[in-house]
Amino acid sequence: MDFKILYNDKHSNARTGMITTCHGEIPTPIFMPVGTVGSVKGIHQRNLSEDIKARIILGNTYHLYLRPGLDVLEKAGGLHRFIRWERPILTDSGGYQVFSLADRRKLSEEGAKFHSHIDGSKHLFTPENVVDIQRSIGSDIMMALDECTPYPCEYKYADDSLKLTHKWLDRGFEQYKNTEPKYGFSQAFFPIVQGSVYADLRKQSAEKIASKGAEGNAIGGLSVGEPAGMMYEMIETVNEILPKDKPRYLMGVGTPANILEGISRGIDMFDCVMPTRNGRNGMLFTSQGIINIKNEKWRYDFSPVDEIMTSFVDTDYTKAYLRHLFIAGEMLGPQIASIHNLSFYLWLVNESQKHIKEGTFTDWKNSMVKQLASRL
RNA sequence: GGGGAGAUACCAAAGUGGCCAACUGGGGCAGACUGUAAAUCUGCUGACGUACGUCUUCGUAGGUUCGAAUCCUGCUCUCCCCA
């Protein structure tokens, strides 16, 4: 994997660049749609590549390991072939499931023991086997096993957790260096900064992560309930330390405003379930602000979902029709909403790239942030 | 014409003397969702008030009772069976 910065913004830490992988190029800053179990929920791969123009998508180690299982993925020739997606894939390690399935797992030095949410069976994830699993999946970017701490989180817990995440990182990185890809293309391995909302822990973690010399670095454990301002402070703290010439990935973030604020602080990669999950639940992100398409006020509104029309669904359908689909419980509604939201998110990062190049990013960002948060 | 059953909020449907402004579903209205156990979850849905509450409701008109959606009588309407 290779990363080149093309332009640095003069008024902020934003930058635009290009990641090159064996499955193609990824212009940054970028948003990566989440496809946990080998599917970006409700979206055909064809829509994803041709209409939404996604450059890279996510998969999840925990979910893919449980279903369909590694034997299927290996026989298929890896996840790309299995799901027929030829562009890059990044896999999360299962660290987020350590957080979201907290009542079904037990952590120890060795790793994380899970009770499957599907059939209750017991499984052990270690820093090493999570690398092996991601080798079998064949993702272009693999993530280290970490503990995504909850919020709020006691200092002592965050500190202990961080020590564990760092130990796991050392082991995972060793495993990464000592193993080979299975499908003939290279795979990168990103370590993850933790430390909850404590600046000293974040600094300590960022130094540890930077010392590994990985091809890219991630920031985790944010947007788990803390105020946005706190998240931005942590990003600033961490990005002062993380190498500037490597991509920085802010995991699980976020709202359109979060993404723009992240970009201005030097983040290059984002992923979030929000455009798809909220889209399925009737929430649309538009250039004018947030729409709850189920609201009665759209009943007779025959205008496009978004006036800037970021995808074919905006030109083909009206708000009134989309509202009707949701009210009637038609599955086309969530599909259209997901396509729109993802297109909008991709539009947002594309525009960011453009404004960074043109030197107009900060002003544009500031006006957008206000607009994006308003409720229509 | 004779016999039987029934009328409860937007709809369906519980409730058959006080725990009933009335279970539950649906519908309607609104909210939540951030490395996806989510096409999910939550709240409201007689009126007025933030709330304790107050007022008007269970076809309709009366009555019994300290107290009625619930008991009694008249009326109106609906459905079923027999002729």
Side-chain angles (χ1 to χ4, degrees), chain A residues 31-43 56-64 66-67 89-105 114-120 130 134 139 141-151 165 190-194 218-228 230-231 249-259 261-262 267 269-285 290-299 323 325-338 341 345 375:
Chain A
F31 177 80
M32 310 181 281
V34 179
T36 308
V37 296
S39 151
V40 175
K41 293 188 190 299
I43 313 278
I56 170 172
I57 62 172
L58 255 69
N60 184 279
T61 301
Y62 167 86
H63 289 281
L64 291 167
L66 289 181
R67 216 163 39 188
I89 296 176
L90 179 153
T91 41
D92 184 31
S93 61
Y96 187 75
Q97 280 62 45
V98 169
F99 161 75
S100 67
L101 303 178
D103 53 337
R104 309 184 66 94
R105 56 79 171 155
F114 284 99
H115 278 85
S116 158
H117 68 283
I118 298 164
D119 61 6
V130 154
Q134 292 178 98
S139 48
I141 300 172
M142 312 192 286
M143 300 303 300
L145 184 65
D146 66 334
E147 180 186 5
C148 176
T149 50
Y151 179 84
T165 289
F190 284 18
I192 304 169
V193 173
Q194 288 289 341
I219 305 171
L222 291 175
S223 69
V224 286
E226 80 284 0
M230 224 176 238
M231 168 167 74
Y249 164 29
L250 179 59
M251 306 184 76
V253 175
T255 64
N258 289 162
I259 287 172
E261 295 296 354
I267 300 293
M269 304 163 71
F270 302 85
D271 79 282
C272 192
V273 303
M274 215 175 232
T276 42
R277 180 189 288 168
N278 290 29
R280 284 197 303 283
N281 295 330
M283 183 171 175
L284 300 165
F285 297 97
I290 292 165
I291 288 176
N292 181 344
I293 199 63
K294 291 189 272 194
N295 286 175
E296 189 174 25
K297 61 179 149 192
W298 309 117
R299 187 170 190 164
R323 171 180 139 84
L325 292 175
F326 268 95
I327 296 299
E330 284 295 317
M331 62 174 153
L332 184 57
Q335 289 174 344
I336 289 174
S338 298
N341 281 349
Y345 268 60
R375 301 204 157 246

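Hydrogens, waters and symmetry mates are skipped; everything else that's a heavy atom, side chains included, is used. Note that the structure is a prediction, hence the values are computed from the model and not measured. Convention: sequence-line order gives letters A, B, ...; per-chain numbering from 1.
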- Message: Nearest whole Å is fine: how far is B/A30 P from A/I293 CD1?
- Response: 12 Å

- Any residue meeting side chain to side chain contact (heavy atoms under 4.5 Å, CB included) with A/S116, in chain and number order, not counting sequence neighbours: A/L66, A/I118, A/D119, A/S121, A/H123

- Query: Mind checking who B/C19 pairs with, Watson-Crick or G-U wobble, both distances under 3.5 Å?
  - Reply: none

- If we take the P atom in both B/U64 and B/U16, what is their distance in whole Å? 24 Å

- Message: Output the rounded distance in Å from CZ (A/F285) to P (B/A32).
- Response: 11 Å

- Query: If pairing requires Watson-Crick or G-U wobble contacts with both distances under 3.5 Å, which nucleotide is the partner of B/A12?
  - Reply: B/U24

- Listed partners of A/R105 passing salt bridge (charged side-chain N to carboxylate O under 4.0 Å, His left out), at least two apart: A/E147

- Item | P spacing across the pair B/G18 / B/C52, given as an integer number of angstrom | 24 Å

- Item | Rounded distance in Å between the C1' positions of B/A13 and B/A30 | 26 Å

- Item | Nucleotide opposite B/A32 in a Watson-Crick or G-U pair, distances under 3.5 Å | B/U40

- Query: When you compare B/U45 with B/C79, how far apart are their C1' atoms, in angstrom units rounded to a whole number?
  - Reply: 31 Å

- Specify the closest pair of heavy atoms between A/S223 and A/M251, including all atoms of both residues, with the distance to one decimal. OG-O, 4.3 Å

- Task: Using the P atom as the reference point in each nucleotide, state the distance between B/G15 and B/U65 in Å, no decimals.
- Result: 28 Å

- Task: Using a 4.5 Å cut-off on heavy atoms from C-beta on, say whether the side chain of A/L250 contacts that of A/N258.
- Result: no

- Task: Can you sort out the partners of A/I290 under side chain to side chain contact (heavy atoms under 4.5 Å, CB included), two or more places apart, ordered by chain and number?
- Result: A/M283, A/F285, A/R375

- Task: Using the P atom as the reference point in each nucleotide, state the distance between B/C23 and B/U8 in Å, no decimals.
- Result: 16 Å

- Task: Can you measure from CE (A/M143) to CG (A/L58) and round to the nearest 0.5 angstrom?
- Result: 8.5 Å

- Message: Could you tell me how far B/U50 sits from B/A38 if I compare only their P atoms? Round to whole Å.
- Response: 40 Å

- Query: Can A/E330 and A/Q335 be said to form a side-chain contact (heavy atoms from CB on, under 4.5 Å), step by step?
  - Reply: CA-CA 9 Å; A/E330 284 295 317; A/Q335 289 174 344; over 6 Å; no

- Task: Taking A/R280 for its side chain and A/P334 for its backbone only, find out whether a donor-acceptor pair lies under 3.5 Å.
- Result: no

- Message: Please name the nucleotide paired to B/G67 by Watson-Crick or G-U wobble geometry with both distances under 3.5 Å, or report none.
- Response: none

- For B/C41 and B/A9, measure between their C1' atoms and round to the nearest Å. 27 Å

- The Watson-Crick or G-U wobble partner of B/G6, with both key distances under 3.5 Å, is B/C77

- Can you give one letter per nucleotide of nucleotides 33-39 of chain B, going 5' to 3': B for a protein heavy atom under 4.0 Å from the base, S for sugar-phosphate only, - for none? BBBBBBB

- Message: Once you measure the plane-to-plane angle for A/Y62 and A/F114, does it fall in the parallel (<30°), tilted (30-60°) or perpendicular (>60°) bin?
- Response: tilted

Protein N or O to nucleotides 25-28 of chain B N or O, pairs below 3.5 Å:
none

Distance-only criterion, 3.5 Å: show the donor-acceptor pairs between side-chain atoms of residues 89-97 of chain A and protein atoms not counting sequence neighbours.
residue	atom	partner	partner atom	Å
A/T91	OG1	A/Q134	OE1	2.8
A/T91	OG1	A/S139	OG	2.6
A/S93	OG	A/G95	N	3.1
A/S93	OG	A/A144	O	2.9
A/Q97	OE1	A/N60	ND2	3.0

